[in-house]
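These notes concern the structure reproduced below.
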There are 2 protein chains.
Amino acid sequence: MAKRRVTIRDVAKKAGVSTATVSRVLNNSRRVHYRTRRLVEDACRELGFYRDPIAAALRTGKSNTVHLLIERFDGSFIPDILVGIESKADREGYRLLVSKLDTAQKDVWEPGNQYIDGIIVISDAVHNLNLSEVAGQDNLPLICVYSYSQDPGFPCVLPDDYQGAYLAVQHLAEIGCKGVAFISGPPDWPASQDRLQGYKQAVKDFALREDPDLIEVGDWTMASGYEACRRLLEKAAFDGLFAGNDPMAVGAIDALREHGLEIPKDVAVVGFDDDALCRYVRPTLTSIAMPLKELGEAAMETLISMIKNGGQLCQSEQVTKLPCVLRERDSTKGKAFGVI
Amino acid sequence: MAKRRVTIRDVAKKAGVSTATVSRVLNNSRRVHYRTRRLVEDACRELGFYRDPIAAALRTGKSNTVHLLIERFDGSFIPDILVGIESKADREGYRLLVSKLDTAQKDVWEPGNQYIDGIIVISDAVHNLNLSEVAGQDNLPLICVYSYSQDPGFPCVLPDDYQGAYLAVQHLAEIGCKGVAFISGPPDWPASQDRLQGYKQAVKDFALREDPDLIEVGDWTMASGYEACRRLLEKAAFDGLFAGNDPMAVGAIDALREHGLEIPKDVAVVGFDDDALCRYVRPTLTSIAMPLKELGEAAMETLISMIKNGGQLCQSEQVTKLPCVLRERDSTKGKAFGVI
DNA sequence: CAGCAAAATGTAATCGATACCACAATTCTC
DNA sequence: GAGAATTGTGGTATCGATTACATTTTGCTG
């Protein structure tokens, strides 16, 4: 019943060679005669042999496994990043272990050490995290996705928030807006700061109205977007609105409508993140899409190169920013014509 | 520089005992003298020792690792299920390995075998999947979440679609609807069938109008919900609408509005899944929330019990259904009063 | 064909923890 | 208090693959 596992030894016997040779074949070491290789491969197939990765890992100290530390599984940006990571990992023969970030921090952590070749931290708020502690005493290769790694020792891959915001404002300018308001996320988020800079630069470049009253702050929630927009409406007039994320855009749209304004005729609106919700709200919401899948791929790729490079060293940039793209929908479509 | 790993042997030497004893302490085996245990624990702490899980796994054949096979990382229901799985896994000391289902199927699969103690398949369409093949020749413990496992050999944990649909219709009846239409998902999905049954039973139980013209079929997309609703509007009158999922509900609302109907005054609408979008569309959408986190927890729990039970055997049900709950929002709120 | 380098293969130690077996020390039992 | 039962510990083979080192085979050169 309990069939014993087929080991390298069984294969060796069947093929009439030594285990060393079988191992060489398995690892594609050159230095194996063509005929012998053939013999071994056949034996493997006939016996249905598969190398036990655990034994290999024990011996070599390499597990071909990357540990994903995720802050919140239900972050809206997580799934697409995972898609990117997974596809790369698959192609490169890496396994993926996942944990919640705080779980990992407490104690499961250290024991899990040595089990893995590298770490990817996925979080939108790494600020309060000591990365070198996470990397452990072995100082494993580690990379952050989606957020800056405060610690300069570790590379990170993130969306180009500056460029994304610029793109949003550029789009609003191009469809004819003259005054574009901005609802920022909390100022202590690096992403908020970058987006604000992008907004300001675009306002300048496209000769839009520059006015501090056109800027308000929210906390990423729909409710805060609503409130921020109401404050904006009291202070200034504008025909374009750029919100730091999609829920705030939705809240803002509520406020605009309450104020008797039509979207996009009176005010065109652009959100950020290209959440699924953009396709469901009315009007559908133009938004800036982050290159999430690409972030995942880039992170995995860089990490693998670090691993192969035997440690931290790696020639690519410490900070990699990938460009966002605009997804045009009804909240900005036809604005220009409506005005004419 | 390259500090050698602290091994059980180092601990043994420091504590003045044998490695066997250290191992016993590590595994909480009774049969160790109080004083000795103390000695060993101190040594561990001082040396900063952590057991190498790889070596342990090799020796014992148990890796304390569960393999998650996910059909699509970007399925909207995945994240919350993961939350449930993770919390349970963490508490029970299991590691989680993830792969995309098709990745796993092709070839990475078999090699990964033996590396894991059990498998969780997360998919909404297991129909076309040979589970016993997935379980491998070792016939590893395997459990499905979210969908039926066609193969009766494997248990599954899923939301109670029947009860959820019943709940939706019950709610509509309770706020005063007399004729409730239903937009079903594709009929070949087990979930669709269950929801249809729940709808029918509730229609009967609450003495709502029974009429085949009140039922239409969509394909889960917003566009199909729109079309289905238009067909409904041509065939019959109704003052309540239950959609098989949220995007279809959104599409249906578009059609209703186009037809000059107000939500919820003229038609109250309930969706299914309690997608994030429910909070962002206008009016906000009442929906049936599946117990996703609980599904994950239950699956992990059952799987662990199977693992400990030494295989497939397990006393719990083959099919576990967990109840859904209603999340009331504006698309049904105040309907009764509006009517009065 | 001797002589030597290069290529192919074999031998066996090793990674780190576990667990079987044996033995010693202690506690019961009558 | 002798013998049995129980408890605590140590020695060491073992899990399965890798790899340093040793050894054999092959291929060439002069």
Side-chain angles (χ1 to χ4, degrees), chain A residues 2-41 43-44 47-65 110-117 138, chain B residues 2-41 43-44 47-65 110-117 138:
Chain A
K3 293 179 288 203
R4 207 175 47 75
R5 184 168 228 286
V6 182
T7 80
I8 204 178
R9 233 175 295 267
D10 302 320
V11 177
K13 178 137 41 109
K14 174 127 194 167
V17 298
S18 75
T19 61
T21 302
V22 176
S23 177
R24 282 186 201 105
V25 172
L26 259 45
N27 296 325
N28 297 315
S29 146
R30 188 161 3 106
R31 303 247 167 197
V32 179
H33 191 90
Y34 171 75
R35 300 252 298 282
T36 320
R37 159 160 288 140
R38 195 55 160 257
L39 235 50
V40 172
E41 283 168 350
C44 284
L47 266 49
F49 166 82
Y50 289 102
R51 100 141 79 13
D52 179 343
I54 293 248
L58 173 59
R59 185 62 235 254
T60 62
K62 286 287 169 198
S63 59
N64 267 42
T65 301
E110 282 287 4
N113 230 323
Q114 183 75 349
Y115 198 1
I116 55 185
D117 297 343
D138 308 354
Chain B
K3 293 179 289 202
R4 207 175 48 72
R5 184 168 228 288
V6 181
T7 80
I8 204 178
R9 234 175 294 267
D10 303 320
V11 177
K13 178 141 35 117
K14 174 127 193 168
V17 299
S18 75
T19 62
T21 301
V22 177
S23 178
R24 281 186 205 106
V25 172
L26 258 44
N27 297 324
N28 297 315
S29 146
R30 186 162 6 110
R31 305 243 167 199
V32 179
H33 191 90
Y34 171 75
R35 301 252 298 281
T36 319
R37 158 160 288 139
R38 196 54 160 258
L39 235 50
V40 172
E41 281 168 350
C44 284
L47 267 49
F49 166 84
Y50 288 101
R51 103 139 94 336
D52 179 343
I54 293 248
L58 174 60
R59 184 62 237 251
T60 62
K62 288 285 168 198
S63 60
N64 267 40
T65 301
E110 283 287 4
N113 231 323
Q114 182 75 349
Y115 198 178
I116 55 185
D117 296 344
D138 308 355

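Sequence lines set the chain letters: A, B, ... in the order given, protein chains first and strands last, and positions in each chain run from 1.
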For DNA chain C, which residues in residues 12-20 of chain A have a heavy atom at a distance below 4.0 Å?
A/Gly16, A/Val17, A/Ser18, A/Thr19, A/Ala20

Nearest-angstrom distance from the residue atom [atom1] of [X] to [atom2] of [N]:
{"X": "B/Arg9", "N": "C/dA13", "atom1": "CZ", "atom2": "P", "value": "15 Å"}
{"X": "A/Arg24", "N": "C/dG10", "atom1": "CZ", "atom2": "P", "value": "8 Å"}
{"X": "B/Lys62", "N": "C/dA17", "atom1": "NZ", "atom2": "C1'", "value": "17 Å"}
{"X": "A/His33", "N": "D/dT26", "atom1": "NE2", "atom2": "P", "value": "9 Å"}
{"X": "A/Asp10", "N": "D/dC15", "atom1": "CG", "atom2": "C1'", "value": "13 Å"}
{"X": "A/Asn27", "N": "D/dA17", "atom1": "CG", "atom2": "P", "value": "11 Å"}
{"X": "B/Ile54", "N": "D/dA17", "atom1": "CD1", "atom2": "P", "value": "14 Å"}
{"X": "B/Arg59", "N": "C/dT18", "atom1": "CZ", "atom2": "C1'", "value": "5 Å"}

For B/Tyr34 and A/Val22, find the nucleotide of DNA chain D closest to each by heavy atoms; which residue's nucleotide sits nearer the 5' end?
B/Tyr34

Of the nucleotides C/dT14, D/dG10, C/dG16, which one has an atom closest to the side chain of B/Thr21?
D/dG10

Base, sugar-phosphate alone, or nothing: which one does A/Phe49 contact when heavy atoms must sit under 4.0 Å apart?
sugar-phosphate

When all nucleic acid strands are considered with a 4.0 Å heavy-atom cut-off, which category describes B/Thr7: base, sugar-phosphate, or nothing?
sugar-phosphate

Please name all residues satisfying side chain to side chain contact (heavy atoms under 4.5 Å, CB included) with A/Ser23, sequence neighbours left out, ordered by chain then number.
A/Ile8, A/Asn27

Apply side chain to side chain contact (heavy atoms under 4.5 Å, CB included) to A/Ala56 and list each qualifying residue two or more places apart in sequence or on a separate chain.
A/Arg51

Tell me every residue that passes side chain to side chain donor-acceptor pair (under 3.5 Å) with [X], counting only those two or more places apart in sequence or in another chain.
{"X": "A/Arg9", "value": "none"}
{"X": "B/Ser18", "value": "B/Thr21"}
{"X": "A/Thr60", "value": "none"}

Nearest heavy-atom neighbours spanning A/Asp10 and A/Thr7
OD2-N, 2.8 Å

Which heavy atom of B/Ala15 sits nearest a heavy atom of B/Leu39, and at what distance?
O-CD2, 3.6 Å

Does A/Thr60 have a side-chain nitrogen or oxygen under 4.0 Å from the phosphate oxygens OP1 or OP2 of C/dC15?
no

Under 4.0 Å between a side-chain N/O of B/Arg35 and OP1 or OP2 of D/dG8, yes or no?
no

Intermediate values then yes/no, side-chain contact (heavy atoms from CB on, under 4.5 Å), B/Asp52 and A/Leu58
CA-CA 9 Å; B/Asp52 179 343; A/Leu58 173 59; 4.2 Å; yes

What salt bridge (charged side-chain N to carboxylate O under 4.0 Å, His left out) pairs are there with at least one residue in residues 13-25 of chain A, not counting sequence neighbours?
A/Lys14-A/Glu46

Through what angle, rounded to 10 degrees, does the axis of the helix from C/dC1-D/dG30 to C/dC30-D/dG1 turn between its ends, using five pairs per end?
30°

